[in-house]
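Some notes on the structure that comes next.
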4 protein chains.
Amino acid sequence: MADTEGEQAGGERSAQVGRPRRSRQALLDAAAAVFVTSGVDAPVREIAAKAGVGVGTIYRHFPTRSELVVAVYRHQVEACAEAGPRLLAESATPEAALRAWVALFVEFLVTKHGLAGALQGDSAGSDALHAYFVDRLVPVCGDLLAAALEFVGTASSVDAYNVLKGIGNLCIGAASDARYRADALVQLLISGVLSGGDR
Amino acid sequence: MADTEGEQAGGERSAQVGRPRRSRQALLDAAAAVFVTSGVDAPVREIAAKAGVGVGTIYRHFPTRSELVVAVYRHQVEACAEAGPRLLAESATPEAALRAWVALFVEFLVTKHGLAGALQGDSAGSDALHAYFVDRLVPVCGDLLAAALEFVGTASSVDAYNVLKGIGNLCIGAASDARYRADALVQLLISGVLSGGDR
Amino acid sequence: MADTEGEQAGGERSAQVGRPRRSRQALLDAAAAVFVTSGVDAPVREIAAKAGVGVGTIYRHFPTRSELVVAVYRHQVEACAEAGPRLLAESATPEAALRAWVALFVEFLVTKHGLAGALQGDSAGSDALHAYFVDRLVPVCGDLLAAALEFVGTASSVDAYNVLKGIGNLCIGAASDARYRADALVQLLISGVLSGGDR
Amino acid sequence: MADTEGEQAGGERSAQVGRPRRSRQALLDAAAAVFVTSGVDAPVREIAAKAGVGVGTIYRHFPTRSELVVAVYRHQVEACAEAGPRLLAESATPEAALRAWVALFVEFLVTKHGLAGALQGDSAGSDALHAYFVDRLVPVCGDLLAAALEFVGTASSVDAYNVLKGIGNLCIGAASDARYRADALVQLLISGVLSGGDR
DNA sequence: AATGAATGAGCCTTCATTCAT
DNA sequence: TATGAATGAAGGCTCATTCAT
């Protein structure tokens with residue numbers, strides 16, 4: 001997964017859209033930096049300051065915090081989504097593909113301070129974010145899960161939504177607790193899911 | 001596990017302590033109610049209002065929010081802790097004991113709005129709460145886990161702290177998302193732990 | 001000047017008054033200790049705690065903070081007042097007597113954290129204190145001043161009230177600023193007063 | 001010394017900065033008024049109300065109370081500082097210059113309710129204010145003092161810092177006690193200082 | 001008479017959000 | 001469009017003071 005933003009590739013095709021786009025980009029870069037530092041709930045002002053713009057500009061581009069977060073992480077979420085089919089094709093087994101994808105997702109969540117919490121639906125003002133995550137990744141996760149389950153000959157007792165949200169939850173607070181090993185727990189959860197719940 | 005507070009059984013033995021004790025109890029009841037409604041981070045003022053007391057009264061009894069939360073849930077945590085050895089003795093297998101205990105714990109966490117988040121160490125001002133949970137329940141969970149692991153002939157790849165915190169995390173947001181089945185995920189996590197991580 | 005309280009001399013004559021008196025004494029001792037530590041504006045609760053009594057008891061004995069402070073320092077103020085005539089009689093010159101007395105007073109004010117501020121009349125709720133200080137010490141200071149002025153053959157441009165309050169003010173904050181030499185300034189002020197203001 | 005703010009002389013050169021500058025000015029004016037009424041420790045809310053703005057606006061402009069107070073009185077402090085050399089040049093004698101300057105300073109302190117207290121270093125949250133006063137005025141006072149001392153052929157027993165702080169202290173409470181004549185006492189203190197302490 | 005629990009006013013401070021320029 | 005000043009709700013916390021027991 002590439003780093004935060006890759007959109008600027010290709011440079012600015014037209015001067016007219018260059019300005020707005022540059023503004024938007026500065027915002028996203030700044031937000032990404034602040035999110036890592038202070039978490040996804042960082043004060044709007046802090047982001048604006050980092051971007052060197054007024055808060056109004058942030059609100060203009062991203063009326064809700066969720067939309068900003070979505071925009072900031074869209075590329076990585078996209079990369080995550082795209083990695084699903086690819087891993088399925090490239091991996092030795094569907095289970096390996098699922099585990100690899102999950103590891104990817106965990107790394108993403110854990111790296112970004114406080115992002116995991118966004119998988120919860122009720123987090124203040126993260127509606128759009130939650131929806132985006134679910135809409136984009138549940139299907140991907142679902143495919144990998146179905147393949148892996150078929151491979152191991154088990155029926156799952158929980159759906160992809162639950163698995164995804166479970167993973168998200170397991171990653172909460174991972175960055176600030178050295179003793180807590182979210183990655184290991186997530187793989188164990190996957191083990192449990194693939195075992196069908198019989199121990 | 002019974003509902004929030006059962007201590008008042010037996011009535012007030014002495015008039016002298018009746019007042020203070022009743023006050024404290026009113027606080028705990030009100031706090032319990034508010035916690036369910038608005039979560040563990042509800043404004044102090046809201047709790048005070050619900051209890052029909054001034055904020056000062058809350059601060060007098062519970063200088064920090066953590067202490068209040070601990071007090072509110074102490075009985076249930078205690079019940080949870082005591083259930084560990086009992087279940088181990090009564091259950092058909094150590095695995096069954098572990099699963100039963102975990103179910104108990106999950107029910108507790110899910111029932112109380114926002115309580116699960118307290119298992120995280122960084123939640124603003126919840127140090128005492130976090131410490132209490134960890135100190136009291138990690139050993140209990142550890143015993144159950146060890147017994148179950150020995151029973152199934154597996155070595156665990158994560159310690160009791162991680163299991164407990166993992167369970168806590170899985171329960172976050174469960175109350176407000178009907179589609180999310182924390183209990184099932186937790187049992188699957190246990191399955192994974194007992195499988196040693198081989199699927 | 002003796003230390004804070006000397007009243008208990010003579011023991012308890014009667015059991016009936018012994019109790020109340022002991023209460024009162026405990027209060028005064030505790031208050032004296034707290035005043036040194038945290039200043040004259042220390043929270044009532046802190047004093048009550050130190051005395052091992054309830055706050056209500058303090059309010060019963062001393063309805064206003066001023067009354068408490070007056071009571072605490074009454075002996076020393078008294079000693080100060082009594083030192084005036086004595087110094088006048090014993091000193092080589094009236095000026096020496098004045099200077100010695102002033103030094104005594106300064107030591108008293110500086111030693112007791114925050115007490116100097118009480119010479120101001122508007123300090124929240126220190127009316128009684130202010131009145132007591134003024135009533136008791138202005139005449140004493142006045143006599144010394146008059147004698148000294150006569151001795152040096154000058155007419156004063158300010159009255160004893162002003163001199164007393166000026167001294168009090170000069171002592172404000174002396175305890176917490178090592179660089180500030182209240183005692184020296186006070187003696188210089190006396191020099192000025194005795195010079196009649198011609199340099 | 002002119003009244004609180006004289007900076008706006010010349011009107012607003014550019015429309016763009018008119019708004020912010022007027023806001024700041026309104027704040028300063030309001031604060032100045034409130035300071036006179038309720039002292040320098042007046043609640044932030046009171047100042048905000050007087051200015052007809054929200055408290056946030058105050059915090060935006062002046063994160064700490066000290067900064068606000070400094071801003072409010074900067075011009076006058078500056079005027080005071082600048083008056084030093086001028087008086088030295090214009091006055092008949094260095095002593096006259098010192099006395100004139102001191103009178104100026106006293107008038108400033110006495111006029112502004114509670115400002116004198118700021119010369120104390122421990123006043124809650126007035127660090128910046130104290131530092132500003134000391135940094136700006138001690139040198140000025142020092143020069144005048146040195147010149148006057150040389151003029152009268154005396155060595156001082158206290159430094160300019162002590163003199164300045166002594167003056168500040170003498171002015172405490174002057175505004176609310178008609179009987180108290182801070183100005184006279186200050187001149188007497190100066191007399192004492194110039195006399196070297198020998199009466 | 002003593003107690004100390006209860007009260008609640010009041011202060012500070014932080015931000016999300018709006019809106020005139 | 002961009003700006004960022006202004007707003008004010010919200011929440012935390014501390015005590016002085018009262019009053020039932």
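Every chain is numbered from 1, with letters handed out A, B, ... down the list of sequences.
- F:dA20 and E:dT3 make up a base pair, with Watson-Crick or G-U wobble contacts both under 3.5 Å.
- One interatomic measurement links the two molecules: CD1 of C:I47 to C1' of F:dC15, which rounds to 12 Å at whole-angstrom precision.
- The CD atom of D:E67 sits 12 Å away from the P atom of E:dT13 (whole-angstrom rounding).
- Checking F:dA5, F:dG12, F:dC15 against every side-chain atom of C:P43, the shortest atom distance belongs to F:dC15.
- C:R24 has its CZ atom 12 Å from the P atom of E:dA2, to the nearest Å.
- In this entry the distance linking CZ of D:R65 with C1' of E:dC12 reads 9 Å, nearest Å.
- Two residues are said to be in side-chain contact when any heavy atoms from C-beta on lie closer than 4.5 Å; A:I172 and A:L119 fail this criterion.
- Taking a pair to require two hydrogen-bonding distances under 3.5 Å in either a Watson-Crick or a G-U wobble arrangement, F:dC13 pairs with E:dG10.
- Side-chain contact between A:V44 and A:R65 is present, with at least one heavy-atom pair separated by less than 4.5 Å.
- Side-chain N/O atoms of C:H61 include one lying less than 4.0 angstrom from OP1 or OP2 on E:dA2.
- Rounded to whole angstrom, the span from the CD atom of C:E46 across to the C1' atom of E:dG4 amounts to 17 Å.
- Paired with B:L115 under the rule side chain to side chain contact (heavy atoms under 4.5 Å, CB included), one option of B:V36, B:V72, B:V40 passes, and it is B:V40.
- Between C:K50 and C:D29, every side-chain heavy-atom pair lies at or beyond the 4.5 Å cut-off.
- To the nearest 0.5 Å, the span separating CG on A:L28 from CZ on A:R74 amounts to 10.0 Å.
- No side-chain heavy atom of B:E67 sits under 4.5 Å from any side-chain heavy atom of B:Y132.
- Listed by residue number, the members of residues 51-59 of chain A with any heavy atom below 4.0 angstrom from DNA chain F are A:V53, A:G54, A:V55, A:G56, A:T57.
- Spacing between atom CZ of B:F62 and atom C1' of E:dA5 amounts to 13 Å, rounded to whole angstrom units.
- Comparing F:dG12, E:dA2, E:dC11 by their closest approach to the side chain of D:R45 singles out E:dC11.
- If you find the closest nucleotide of DNA chain F to C:V44 and to D:R60, the one lying nearer the 5' end belongs to D:R60.
- Contact of the A:V69 side chain with the A:F35 side chain is registered, since non-hydrogen atoms from C-beta on lie closer than 4.5 Å.
- One atom, CG of D:L68, and another, P of E:dC12, lie 12 Å apart when rounded to the nearest Å.
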